[in-house]
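Here the structure is a predicted model, which means the values were calculated and not measured.
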Amino acid sequence: MSVLEVRNLQTHFFTDAGVVKAVDGVDFALNEGEVLGLVGESGSGKSVTGFSILRLVDPPGRVVGGQILFRGQDLAQLPASEMRRLRGNKIAMIFQDPMMTLNPVLRIDTQMIEAVRAHDKVSAKAARDRAISALSKVGIPSPAERLDAYPHQFSGGMRQRVAIAIALLNGPDLIVADEPTTALDVTIQSQILAEVQDLARDTGTALIWITHDLAVVAGLADRVAVMYAGRIVETGQTDDVLTTPGHPYSVGLLGSIPGHGQRGERLTQIPGMAPNMAHLPPGCAFAPRCFNADERCRTDAPGIEDMERVRQLRCHHPLTKAGGTP
Amino acid sequence: MTAMLELSDVSRQFVKKLDSIEKLAKKLGASVSESCVNAVDSASFHIARGEVVGLVGESGCGKSTLGRMVAGLLPVSGGTIRFEGVDVTDAASADAKTARLRIQMIFQDPMSSLNPRMKVEEIVGEAAVYHGLTTRREMSAYVAGILRQVGLDPAYAQRFPHQFSGGQRQRIGIARALAVRPEFLICDESIAALDVSIQAQVINLFQDLRRELDLTYLFISHDLSVVEHIADRVVVMYLGRIVEIASTEALFDDPQHPYTQALIDQVPRLGAGRQTYRTIKGEIPSPLAPPPGCHFHPRCPMAGPRCTRDTPVLRNDAGRSVACHLHDGGTE
Amino acid sequence: MLVYLLRRIAQSIFVALAMMVIVFFGIYMIGNPVDILISPDATPREIEETMARFGFDQPIYIQFLTFVGNALQGDLGRSFVHGESAVTLILHYMPATLELAALGLIFSVLIGIPLGVYAGYKADRWQGRAIMTGSIFGFSLPNFWVGMLLILIFAVELRWLPSTGRGDTVDVFGIRLSIFSENGLQYMILPALTLALYKASLVTRLARAGTQEALVQDYVKFARAKGVSETRILFVHVLKNIMIPILTVLGLELGSMIAFAVVTETVFAWPGMGKLLIDSILTLDRPVIVAYLMMTVLIFIVINLVVDIVYTILDPRVRVTGGAG
Amino acid sequence: QDLRIGLAAEPSSADPHFHNLGPNNQLRRNMFESLVGSDEQQKLFPQLATSWRPLDDTRWEFKLREGVTFSDGSAFDAYDVVYSVCRIPGVPDSPSLFTTYTKAIKDFEVPDPMTLIVHTAAPYPLLPTEFSTWGIISAKANGVDGASIDFSPEGCGDLAYPESQAFNEGAAAIGTGPFLLESFRRGEGIELVRNPDYWGDAAPWERVSMKPLTSDGPRVAALFAGDVDFIENPPLQDLERINSEGGLQVVQGISNRVIYLHMDHEQEPSPMITGTDGKNPLKDVRVREALSIAINRDAIVDRIMGGVAVAAGELLPAGMFGAHEDGAMPPAPYDADRAQALLAEAGYPDGFGITIGTPNDRYINDAQVAQAVAQMWARIGVTTEIDAVTASTFFSRRNAYEFSVYLAGWGAGTGEMSSPIKALVATRDGDRGYGGTNRGQYSNPEVDDLLTKALATVDDDARQELLRESSRVAMADWAILPLHFEVTPWAMTDKITYAPRVDQYTLPASIKPVQ
Amino acid sequence: MLIGFVAISAHLLRGRGRQFFNGPVAYVAAGSLLLLVVLALFANEIAPQNPYDLRQLDIMDGRLPPGSTTFDGAMTYHLGTDEQGRDILSGILYGLRVSLSVAIIATLVAMAIGVVVGIYAAWAGGRVETILMRLVDLQLSFPSILVALMLMAAFGRGLDKVVIALIIVQWAYYARTVRGTALSEARKEYIDAARGLGLPVRRIIFRHLLPNCIPPLLVISTVQIANTIVLESSLSFLGVGVPITRPSLGLLIANGYDYMLSGQYWMSMYPGVALLAIVASINLVGDRLRDTLNPRLRK
Ligand SMILES: Nc1ncnc2c1ncn2[C@@H]1O[C@H](COP(=O)(O)OP(=O)(O)OP(=O)(O)O)[C@@H](O)[C@H]1O
Ligand SMILES: Nc1ncnc2c1ncn2[C@@H]1O[C@H](COP(=O)(O)OP(=O)(O)OP(=O)(O)O)[C@@H](O)[C@H]1O
Ligand SMILES: [Mg+2]
Ligand SMILES: [Mg+2]
């Protein structure tokens with residue numbers, strides 16, 4: 001049963017320099033307890049996709065099309081007040097920079113209790129207890145005392161744990177995590193990853209994990225979606241996509257990453273650079289950088305091709321036949 | 001193999017002294033005190049000509065400080081740095097000045113490392129003209145050559161930095177360094193700010209240049225997979241101290257220091273399948289108040305009483321150096 | 001904290017000393033107070049005697065040393081004009097100025113913060129722009145001009161408020177204040193408003209900038225993601241954040257408010273120390289000018305101290321480091 | 001009944017002897033009286049003395065008023081006068097002592113408590129006038145037994161005197177005047193209440209509050225707004241509006257203050273004259289005349305002074321002691337053509353350059369008047385600049401002879417011609433106290449002689465003629481260029497009225513409710 | 001200097017015109033600023049009268065209401081005259097020039113001093129920096145109007161003295177700003193790069209550091225010019241500013257202020273409107289500049 005189904009999501013920014021189609025037709029679905037890794041280079045629209053789901057896109061951005069079906073209910077059509085009731089309750093979000101996501105002048109307890117009381121009319125005491133248990137769940141020692149602290153009294157990793165604890169407070173069905181470990185050191189990152197893995201398993205919460213680091217996704221996600229220029233170009237089981245990428249971009253991306261045992265070899269590189277989202281080329285946005293592109297790629301935008309039940313590609317010349325090798 | 005660059009006991013402290021007012025306040029009972037960070041603590045290693053040495057460690061461990069001392073941008077607090085046998089510790093001496101020019105640095109942030117109000121041609125050519133490597137008249141041609149070398153269209157010479165993408169800017173930074181014909185490049189997180197696909201382009205460029213120009217690198221990064229890919233030898237730092245030095249293969253196959261082990265263990269890897277993360281516990285301590293003895297002992301699964309007491313020394317054993325009591329008589 | 005305070009004191013003392021030297025020698029250069037104080041009927045002999053009585057017959061450096069010597073013993077001299085201790089004189093005038101500045105400050109906060117937050121919230125709408133443009137006009141209007149217009153409108157034409165001077169006062173701990181009496185408050189409204197206008201614009205702009213900036217911060221987005229209501233975001237998350245810079249600036253501005261009271265007091269004939277200063281400058285009443293300087297320095301030190309304390313209360317981040325930064 | 005007054009200048013102290021300054025003297029007259037009073041025209045009248053007469057050249061006898069008590073109840077007698085004169089030279093920190101008016105006193109004689117005989121060193125006709133300028137305080141109230149005072153001009157031995165502060169606080173403010181001082185609050189106001197035991201006619205006001213409103217605009221605004229009933233010195237330009245506003249009126253009268261231009265008669269080269277090769281053209285009487293007749297005094301009175309001034313032909317308005325009868329000494333006639341001719345005759349056909357020094361905050365429209373003069377001089381070829389500075393700077397610079405021509409004003413404190421002649425045109429002489437404000441350093445022995453003679457003539461008619469003569473001589477020599485006499489306006493509601501005073505004082509006791 | 005100033009601003013605004021002119025207010029502000037500056041520059045060509053030339057004034061024409069003509073009908077006083085017979089319109093034009101040039105000169109000189117001190121302090125560091133910055137704090141810990149008042153009290157009145165006082169009041173402000181910018185710029189890697197390339201210190205300061213420290217100042221200085229105009233007019237209003245024969249806007253207002261209640265509003269009303277117009281348009285333009293150049297608000 002899918003928790004979330006996004007269909008043809010379009011989020012555009014109406015800037016002075018023109019319309020930036022940051023998300024331009026994204027489709028994916030997510031089942032209960034599933035972890036979806038959303039990867040792609042900077043500016044490909046990952047964050048905007050995440051914000052769109054929570055309807056938190058800042059002006060001049062707007063969701064201009066598509067459906068966001070959360071348990072069958074279209075979030076795109078929901079009145080603002082209803083949406084607010086869902087946020088932090090059924091759908092939670094975690095941000096990249098743990099220094100910035102907690103309000104520096106409010107104590108942790110204020111920030112946690114308000115999250116509880118925004119949805120449940122419980123006593124402050126009860127809300128506090130819930131905050132304490134959430135903090136201990138994410139591995140913060142002596143949570144009761146730590147509640148009285150201010151964010152700056154925590155280290156980066158701790159802060160990110162607090163943010164995760166806040167996301168967990170109301171037992172959400174879905175968490176959107178936008179690069180929550182990118183700003184952290186490797187050792188801290190792996191601590192958090194371990195924590196999240198356990199939590200997702202225990203609570204059955206569905207998770208969208210946004211990152212630009214394929215390696216992180218490899219270890220964490222059930223399925224992975226690769227974004228390029230506002231579109232998902234490939235989705236599939238993590239192992240499948242990583243071992244047998246079907247889209248030339250996925251291939252390029254994987255090739256760019258220095259792997260174990262390839263010391264000193266030349267990396268395969270994707271030529272050129274990411275396109276300007278305000279002036280996307282017609283046809284396939286990746287065509288100018290694609291080694292495999294032809295005329296058709298430059299004029300027609302490819303549609304989604306279901307390769308398998310769970311494998312989808314957006315390419316005129318996919319490198320993988322169903323289940324096959326390139 | 002003779003060492004091109006040799007560091008012995010190089011240290012750097014950042015001391016915040018009290019000014020007269022603060023001293024007065026202290027006398028009056030205020031809780032102000034001098035603060036001292038041992039950003040780099042007795043680092044000794046060498047780099048041979050043509051070698052690529054990776055320098056890894058978590059943030060704040062002193063990698064940049066070390067790199068900047070080698071580049072002559074930061075005076076050392078103690079120890080000596082020799083380049084091709086010349087003592088360049090004191091950056092102001094005449095010998096050091098000429099030697100220093102052969103050491104160039106590539107920076108992390110491709111935006112802030114370029115002067116936003118200068119054209120590419122000036123950025124790249126200025127120092128070369130100043131040092132007499134070319135003349136003002138021939139500068140254009142000289143710059144064009146170097147731009148081509150780093151894979152940029154010479155037609156870009158008249159543009160300003162903000163008109164380029166991150167990867168292109170990084171190439172301009174590299175071109176600027178190459179313009180004074182260096183032999184030794186320090187790359188401080190030079191690719192960290194770039195997108196994955198662009199990272200690959202720049203890594204390839206570094207390797208091409210190394211081959212073509214016979215360059216030597218000190219490659220600073222916190223990204224172990226990149227270091228593994230590019231470096232011949234790796235130096236691992238933790239809180240200002242070198243904890244391990246080994247050839248890349250040896251280090252990644254058989255890390256000896258518990259910190260190195262943890263680090264390598266925890267790098268997320270492609271193709272490893274769904275991982276279960278094992279973690280080292282604890283946070284990175286504040287460099288202002290590092291733990292006594294071995295800095296790593298509070299997080300070390302194998303720490304013993306001795307680790308809290310004695311500072312381990314870096315012992316060289318068959319081309320590998322480790323600073324750990326486990327390899328030096330036990331932790332008891 | 002202590003460090004900050006000490007630094008502040010040291011600085012202010014420096015300023016005061018430098019100013020004292022400039023003023024002392026400057027006034028000596030431009031004129032002789034006796035020339036304007038003495039009756040025109042006085043004979044040259046009487047003038048000389050008067051000069052001697054004030055010590056003006058001595059070389060300037062001796063006069064200066066005497067002055068510094070006395071100042072070190074806390075005696076800033078007697079006013080030439082009023083014959084009273086300059087410090088007493090200033091203390092006499094000070095409450096009027098301080099309460100005026102305080103009311104001005106209150107006005108500017110009451111006007112500025114709501115306008116600013118609203119303008120920040122509606123930054124790209126016409127409401128926001130109108131407020132911003134309006135605030136620029138608030139910035140640009142010279143103080144004296146505003147005062148005059150207010151008198152014309154509210155006192156002369158509409159006759160709603162008294163025009164000038166100070167109304168009834170009430171004794172509060174031996175200090176006579178008009179802010180607590182209804183009649184006195186009426187007299188304060190126009191001058192305080194005049195004084196507040198500039199600061200209100202400043203606060204509006206600060207509040208708007210702060211709100212605008214805070215609204216795009218991740219913590220606001222995170223609060224929204226938690227499902228917290230917009231009202232709470234604006235009045236808890238945003239307001240608490242912007243109050244810190246605003247209060248800091250305002251505290252420091254209180255000093256300049258006291259200084260700018262010079263102009264307002266002239267226009268409104270408000271018997272504060274600003275008017276005393278202007279009068280003293282015009283009559284070359286050196287001890288009063290210098291004492292004014294010293295007293296303002298003292299006020300500034302106190303204000304800064306209070307600002308710092310408030311700052312630490314509001315901003316948890318400085319509490320740990322002790323505000324030394 | 002209450003009266004609220006807006007003052008144009010604030011007294012610096014309530015001590016009657018602290019500061020010889022207009023606002024202080026004005027305030028003093030409410031609480032402290034003199035032996036001799038001076039009326040609206042500065043004519044003397046009996047106040048605490050009922051009569052006075054010269055006994056001989058150097059002795060004056062004053063008969064004192066019976067039954068006068070100070071506000072503390074003690075009776076007034078001759079010893080209080082002696083005590084007051086003893087205090088005058090010793091007021092600490094006084095910026096301007098009243099010794100100017102007491103220095104003629106050599107000794108006192110008190111034959112009985114109600115008679116006072118004053119000795120002077122030389123014949124001194126001005127003595128009664130000077131006795132109107134300082135207030136009398138009570139010896140008894142300050143614990144001094146009057147009979148024991150051993151008077152001498154150098155000092156009266158160890159006597160207890162009140163401190164200035166004690167007057168401001170009210171404790172020492174014990175006088176015989178029509179009002180009692182209730183409070184003196186610097187910057188805020190002065191409260192007076194009626195003296196119920198006043199010897200003369202009771203003041204028409206139960207209570208008088210005087211607020212210092214030193215800026216013109218706010219002061220007149222306060223009157224419009226009804227915050228005060230009476231203001232001093234309403235700005236000239238507002239007079240019309242005040243008159244046309246229902247319920248308000250203006251009362252005005254000529255003052256004893258003349259606005260004049262003084263010229264450098266001494267220095268060569270003179271500091272602010274250009275284009276004359278170092279010569280000082282002002283030494284030439286033709287040039288002085290030219291400059292004078294180039295000034296259109298009527299235009300200045302009309303335009304700058306709003307008609308509220310009287311063009312001056314000498315230094316004291318007609319009708320005052322020593323001044324000519326009305327019309328006998330008219331202002332210099334405006335004649336630009338003749339002025340130009342005179343300049344040419346004197347050897348300056350193309351004029352020269354000059355700068356007028358003027359204060360800008362001392363007299364009514366002072367800097368504007370100077371500007372107007374500059375305009376007029378410019379028209380006869382004398383290129384004129386203005387150096388307008390604040391009064392304090394102006395006087396210091398003037399006293400240092402930095403100006404070649406300066407604009408200033410003189411109010412005849414004694415109300416007779418001897419005052420301006422002695423101060424402004426008599427040859428500077430420190431010993432005799434001549435020429436104290438003669439910063440043009442004019443010197444004419446004939447004027448000096450006439451003045452000296454007048455000052456030693458006790459007979460009023462003879463003295464008046466001598467003074468007129470001295471004025472005639474000085475004016476004929478264009479020694480100084482009088483411009484106009486200020487006219488002092490007062491504005492008030494039409495429920496009250498005030499008789500204008502030449503000394504420009506505002507005395508609440510003389511402000512009368514209209515029946 | 002002014003031209004350079006405008007040129008740099010124009011350079012900075014390159015390509016952001018649309019962002020700058022985002023609404024009628026910006027057009028009105030820029031337009032009226034331009035107009036006022038031109039009027040001030042060509043005051044002697046435009047003004048019907050030279051109000052500083054006493055020969056051209058006639059006190060018989062004093063205090064005429066707007067629209068009156070001279071005695072011989074040769075000239076119309078569109079905005080009336082003051083008590084000297086000075087044409088208010090001409091007075092405003094010349095006064096505008098005085099006010100503007102006093103403010104601009106004072107601001108530019110103060111800026112130059114501030115830049116030198118600020119950069120030097122930032123680069124030298126250590127004791128030099130401490131001393132210089134203490135000096136700056138010292139200056140800044142006193143409100144500008146007080147400092148100016150004291151200086152005017154000490155120097156006396158006069159155009160040159162006003163300028164000096166305004167410079168003294170302002171320089172520290174720039175020094176502090178520049179030092180802040182310079183410190184943050186000096187921390188940027190392009191400065192390190194220049195050092196690493198062995199370029200001499202002078203060159204690094206002048207070619208690399210300095211050009212990058214100036215732009216933020218421009219925005220500040222526009223607003224500062226406006227503040228300076230107001231400060232100068234306040235000083236003149238208080239009677240310690242420019243000389244009476246060469247009135248600035250502030251002095252014109254102060255002179256006319258006395259006539260305000262008597263219905264002769266034009267003497268101070270029109271100069272006041274002119275002052276408001278110039279200050280407000282400078283501020284509005286500065287505000288737009290700030291918004292346009294602020295990277296954080298850039299869209
Ligand atoms: N407020 C905005 N105004 C205009 N364009 C925007 C705005 N926010 C995002 N965009 C555009 O939307 C596109 C997608 O941005 P998004 O933040 O989703 O990228 P991302 O994949 O999350 O990148 P990163 O890895 O850097 O976080 C980008 O091209 C960006 O320029
Ligand atoms: N100028 C300075 N003044 C004071 N402390 C400094 C200074 N520069 C660096 N440090 C301190 O020295 C330590 C080492 O810093 P350094 O920048 O060398 O670390 P790094 O390993 O490069 O970290 P990162 O991976 O974050 O770049 C840190 O604790 C830092 O706070
Ligand atoms: Mg993102
Ligand atoms: Mg670093």
Item checked: B:D195 side-chain N/O to A:S42 backbone N/O, donor-acceptor pair under 3.5 Å -> yes
Note to self: At a 4.5 Å cut-off on heavy atoms, which part of A:T238 comes close to chain B: side chain, backbone, both, or neither?
What the structure shows: neither
Note to self: Between A:P271 and chain B, with a heavy-atom cut-off of 4.5 Å, which part of the residue counts as in contact: side chain, backbone, both or neither?
What the structure shows: backbone
Item checked: Close side-chain approach of A:I257 to B:S225, heavy-atom, < 4.5 Å -> no
Check: Got B:Q201 and A:L267 here, is their nearest side-chain heavy-atom distance under 4.5 Å?
Finding: no
Note to self: I need the minimum non-hydrogen distance between B:R299 and A:Q191, along with the two atoms involved.
What the structure shows: NH2-NE2, 4.2 Å
Check: What part of B:S286 is in contact with chain A, defined as an atom under 4.5 angstrom from a non-hydrogen atom: side chain, backbone, both or neither?
Finding: neither
Check: For the candidates B:A231, B:A262, B:S165, which exhibits the highest count of non-hydrogen atom pairs separated by less than 4.5 Å from chain A?
Finding: B:A231
Check: Does the B:N204 side chain pair with the main chain of A:R266, one donor and one acceptor, at a distance under 3.5 Å?
Finding: no
Item checked: Residue selection (most heavy-atom pairs with chain A, distance under 4.5 Å) from B:I198, B:L263, B:I230 -> B:I198
Check: For B:D208, is it the side chain, the backbone, both or neither that has a heavy atom under 4.5 Å from a heavy atom of chain A?
Finding: side chain
Checklist line | B:Q199 portion near chain A, given a 4.5 angstrom heavy-atom threshold | finding: neither
Checklist line | Distance in Å, B:H222 NE2 paired with A:D185 CG, rounded so as to fall on 0.5 Å steps | finding: 7.5 Å
Next item on the list: Please list, chain by chain and in numerical order, all residues satisfying salt bridge (Lys or Arg N to Asp or Glu O under 4.0 Å) with A:D97, sequence neighbours excluded.
Entry: none
Note to self: Given heavy-atom pairs under 4.5 angstrom as the criterion, report whether the side chain, backbone, both or neither of A:E195 touches chain B.
What the structure shows: neither
Next item on the list: Decide yes or no for A:Q269 and B:S197: does some side-chain heavy atom of the first lie under 4.5 Å from some side-chain heavy atom of the second?
Entry: no
